[in-house]
Engineer: 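Okay, handing you the structure first.
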Amino acid sequence: MLNDIDIILINTSHPGNIGAAARAMKTMGFKQLVLVAPKHFPHAEAEALAASASDVLQQARVVSSLDEALMGVTLVIGTSARPRDLAAPLLTARECGAWLLRNRVGRTAVLFGEERTGLTNEALDRCHAYVYIDTADEYASLNLAQAVQVIAYELRLALLLPKAKNQQTEALLADDTAMEGYFQHLERVMVATEFLDPKFPKRLLSRLRRLYHRARPDVQELNILRGILTAVEKKIGS
Ligand code: SAH
């Protein structure tokens, strides 16, 4: 999924930033780096700051124009420290992942501008959406590679984690039948211990339901809870 996303750095001035961006990408699982007319590349400083991400640098596609960089790309996202009056939706880095999940078909590119001047109007015009990293008002401009890091991290969380997490929890969570069995068991024990007077149940059970629904116990946790109830029943001889 992350392989369908190009990270495009436009006219980067400092080769160190290119290396640091490659490292930021690799740590987040991105590999497709595209450099549009970098001022100095290849360069020893890029290599030095890439550390163990030199493979990302070596595989980087170096092109001379944005047109070339965007060939085959169907969705373009522009990053900007100073969200201006823009024509397309403006997203926070956190919103960007969810937006991408809804809108992506084919290749996506995320554009990063030159260190001092940012994205040109020509680049901004190509974008389907803009994303900014929220910052202090006083100083909104992140270092280029740090901006790549934050965006790559947010995209990773949005694109990879929900799937892994859902698959995991779906199998484990106690289902409705198990929960209802537990609530009935809990009620029996509360009545047997005289914690609950069945003539005046008030809202106790619905309150407890709300608590357990919020916690969403898994099968194992529910087994523990039922084990406690069974132990109480045994002790009081009910
Ligand atoms: N004065 C420029 C700053 C450029 S910083 C501007 O306002 O855009 C170099 C690049 O880093 C930017 O083009 C953008 O791609 C990225 N960047 C820096 N700070 C950012 C932020 N707060 N949100 C999103 N991208 C940011």
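Numbering of ligands and ligand atoms starts at 1, following listing order. Because only heavy atoms are used, hydrogens play no part in the values below, and waters and symmetry mates are left out as well, while side chains stay in.
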Engineer: Would one find an N or O of Ala140, backbone or side chain, under 3.5 Å from an N or O of ligand 1?
Structural biologist: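 Yes, at least one N or O pair falls under 3.5 Å.
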Engineer: So for ligand 1, is Leu142 a polar contact partner (N or O within less than 3.5 Å, distance only)?
Structural biologist: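 Yes: some nitrogen or oxygen of Leu142 is under 3.5 Å from one in ligand 1.
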Engineer: For the 3.5 Å polar cut-off, considering only N or O atoms, please tell me whether Asn143 and ligand 1 meet it.
Structural biologist: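 Such a contact does not occur with ligand 1.
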Engineer: Hey, which atoms in ligand 1 end up nearer than 4.0 Å to a heavy atom of Phe112?
Structural biologist: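 In order of number, 15 (O).
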Engineer: Considering only heavy atoms of Ser80, which atoms of ligand 1 have at least one such atom less than 4.0 Å away?
Structural biologist: 23 (N), 24 (C), 25 (N)
Engineer: Side chain or backbone of Ala81 under 4.0 Å from ligand 1, or both, or neither, by non-hydrogen atoms?
Structural biologist: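 Looking at Ala81 and ligand 1, atoms from backbone and side chain both fall under 4.0 Å.
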Engineer: Do Arg226 and Glu221 sit within salt-bridge range, that is, some charged N less than 4.0 Å from a carboxylate O?
Structural biologist: no
Engineer: Below 3.5 angstrom, do we get any N/O pair linking Gly118 and ligand 1?
Structural biologist: no
Engineer: Relative to the heavy atoms of Arg116, which atoms of ligand 1 are at a distance of less than 4.0 Å?
Structural biologist: 1 (N), 2 (C)
Engineer: Short list, please: which atoms of ligand 1 are under 4.0 Å from a heavy atom of Tyr132?
Structural biologist: 23 (N), 24 (C)
Engineer: If the cut-off is 4.0 Å to any non-hydrogen atom of Thr135, which atoms of ligand 1 fall inside it?
Structural biologist: 22 (N)
Engineer: Compare Gly113, Gly78, Cys96 and give the one whose heavy atom is closest to atom 13 (O) of ligand 1.
Structural biologist: Gly113
Engineer: Could you see if Leu211 belongs to whatever hydrophobic cluster contains Met190? Use Ile, Leu, Val, Met, Phe, Trp, Tyr and a side-chain cutoff under 4.5 Å.
Structural biologist: yes
